[in-house]
Amino acid sequence: MKLHAFRSMAVRLAVVSAGLASAVSPAAAHDDFRDDTRRIAVVSAYAPEMSILRSALRSAVVHEANGVEFATGELEGRDVVLFLSGVSIVNAAMTMQLALDHFEIGQIVFSGIAGGVDPALDIGDVVIADRWGQYLETLFAREVDDDWSKVPFFDYPFANFGMMFPRSLTVLRSGADTPETRFWFPVDEPMLDRARAAVDGVVLDRCTAEHACLPRTPRIVVGGAGVSGGAFVDNAAFRAYTFETFGARVLDMESAAVAHVAWSNRVPFIAVRSLADLAGGRERENELEVFFQLAADNAATVVRALLRAMPE
């Protein structure tokens with residue numbers, strides 16, 4: 001993305017964020033509160049992804065912890081807490097655990113944009129993956145005699161990309177006696193089943209408010225892998241590698257971190273990701289700025305359908 005385009009989008013994000021802050025009634029700001037109403041957490045990385053959901057929130061009240069705003073209320077007849085994770089892995093993990101510490105969260109739904117990795121998909125399509133992994137949890141290997149020398153104490157379940165060798169994580173989990181080594185963090189199967197039923201008949205937007213239209217109406221796909229990492233990917237070779245190596249359909253910067261936190265806390269999780277660009281898969285310039293809001297709106301449409309399909 002060109003620098004001027006990135007700055008332009010950043011300004012718009014700040015404006016929308018300010019608008020969201022004034023859209024609900026604030027509770028007293030304090031960090032030691034505990035909300036014991038059982039809720040569904042609906043999480044996004046960027047303010048525009050959240051704006052359509054916040055605008056539909058009923059009986060909204062804002063709580064604040066560590067500078068993060070959490071809006072509670074009712075959405076599609078369900079008790080929810082809406083908040084922004086922040087961008088990338090550390091922000092997403094930190095904010096998700098903060099929410100779990102302050103709210104009684106029964107399920108987690110992540111809503112947002114992503115880069116398309118599967119060549120069968122296009123901008124505007126929505127992916128609900130069944131598992132998430134962190135592709136940048138990796139070894140940067142030493143080059144020795146025109147080859148790569150890997151340290152022996154990691155697990156390397158996948159092929160490398162040059163010096164980069166993805167590795168598994170050793171993780172802790174509530175109720176487990178010992179740590180576990182794994183790469184994939186699964187989506188909750190009952191939530192995935194509800195998603196399959198919920199998306200039947202859902203129609204997604206094809207054109208932006210500025211009348212930039214996609215060549216076909218976007219579609220919703222359920223299943224397959226998603227991967228996350230702290231890099232904005234706009235590289236055709238790396239895009240092809242993530243598809244071939246992980247079988248990934250979609251690539252983003254937050255979902256695997258939230259999936260990891262959800263798994264560790266034994267809280268059901270699902271992510272709804274709409275493709276705003278193709279992570280370097282187009283020969284022309286990255287189109288994120290053009291289709292950002294359309295992709296965000298499509299993700300929000302699917303999230304609302306999923307909420308309606310979840311038990312009260």
Side-chain angles (χ1 to χ4, degrees), residues 12-86 91-92 94-113 126 128 188 190-191 194-195 197-199 202 205 254 258 261-262 265 267-274 293 296-312:
R12 292 205 302 276
L13 296 183
V15 170
V16 175
S17 296
L20 290 182
S22 62
V24 293
S25 302
H30 55 90
D31 290 342
D32 59 352
F33 71 92
R34 174 70 188 182
D35 182 319
D36 291 323
T37 300
R38 192 167 180 84
R39 302 183 185 277
I40 301 169
V42 182
V43 194
S44 294
Y46 293 99
E49 299 169 339
M50 182 62 71
S51 60
I52 189 170
L53 300 173
R54 284 278 288 265
S55 67
L57 189 64
R58 300 178 58 189
S59 304
V61 177
V62 165
H63 306 265
E64 184 176 313
N66 288 11
V68 179
E69 287 189 354
F70 298 92
T72 60
E74 186 179 293
L75 182 63
E76 301 298 341
R78 307 296 181 265
D79 289 321
V80 297
V81 54
L82 274 57
F83 58 96
L84 296 174
S85 69
N91 276 333
M94 176 178 63
T95 309
M96 190 66 249
Q97 187 61 58
L98 183 67
L100 290 168
D101 291 342
H102 284 282
F103 295 89
E104 185 64 29
I105 293 174
Q107 296 90 22
I108 300 166
V109 179
F110 205 108
S111 169
I113 66 163
V126 172
I128 306 176
D188 181 64
M191 294 181 77
R194 291 190 192 101
V199 301
V202 173
D205 289 339
E254 298 87 20
V258 177
V261 174
N265 287 272
V267 178
F269 162 83
I270 198 168
V272 175
R273 287 294 197 168
S274 183
Q293 192 62 58
D297 290 349
N298 281 345
T301 296
V302 174
V303 166
R304 295 183 70 172
L306 176 56
L307 290 175
R308 289 192 295 270
M310 294 177 71
E312 295 187 33

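For the residue pair F110 and R273, the shortest heavy atom distance occurs at CE2-NH2, 3.3 Å. Contact record, S85 with E254: OG-CG, 4.0 Å, taken as the closest heavy-atom pair. Between R34 and L100, the shortest heavy-atom contact is NH1-O, 3.3 Å. Closest heavy-atom contact between V303 and S111: CG2-CB, 3.4 Å. Nearest heavy-atom pair, F269 versus M191, reported as atom, atom and distance to 0.1 Å: N-SD, 3.8 Å. Between L57 and T72, the shortest heavy-atom contact is CD2-O, 3.8 Å.
Atom CD1 of I108 and atom CG of N265 lie 7.5 Å apart (nearest 0.5 Å). The structure places CD1 of I40 at 3.5 Å from CE of M310, a figure rounded to the nearest 0.5 Å. Here the straight-line distance linking atom CG of L82 with atom OG of S44 works out to 7.5 Å at 0.5 Å rounding. For the atom pair CD of E64 and CG of N66, the computed distance is 9.0 Å after rounding to the nearest 0.5 Å.
The shortest side-chain heavy-atom distance between M96 and I105 falls under the 4.5 Å cut-off. In this structure, the side chains of V199 and V126 stay at 4.5 Å or more apart for every pair of heavy atoms. At a threshold of 4.5 Å between non-hydrogen side-chain atoms, the residues L75 and R78 do not count as touching. Contact of the H102 side chain with the F70 side chain is not registered, since no non-hydrogen atoms from C-beta on lie closer than 4.5 Å. A heavy-atom distance below 4.5 Å is not found between the side chains of D79 and R38. Using a 4.5 Å heavy-atom threshold, the side chains of L98 and V68 count as touching. With a 4.5 Å cut-off on side-chain heavy atoms, R194 and Q107 do not count as touching. By the 4.5 Å heavy-atom criterion applied to side chains, Y46 and L84 are not counted as neighbours.
Screening V80, L307, V42 against L53 for a side chain to side chain contact (heavy atoms under 4.5 Å, CB included) leaves a single residue, V42.
Using modelled atom types, no side-chain atom of D205 and backbone atom of N298 make a donor-acceptor pair closer than 3.5 Å.
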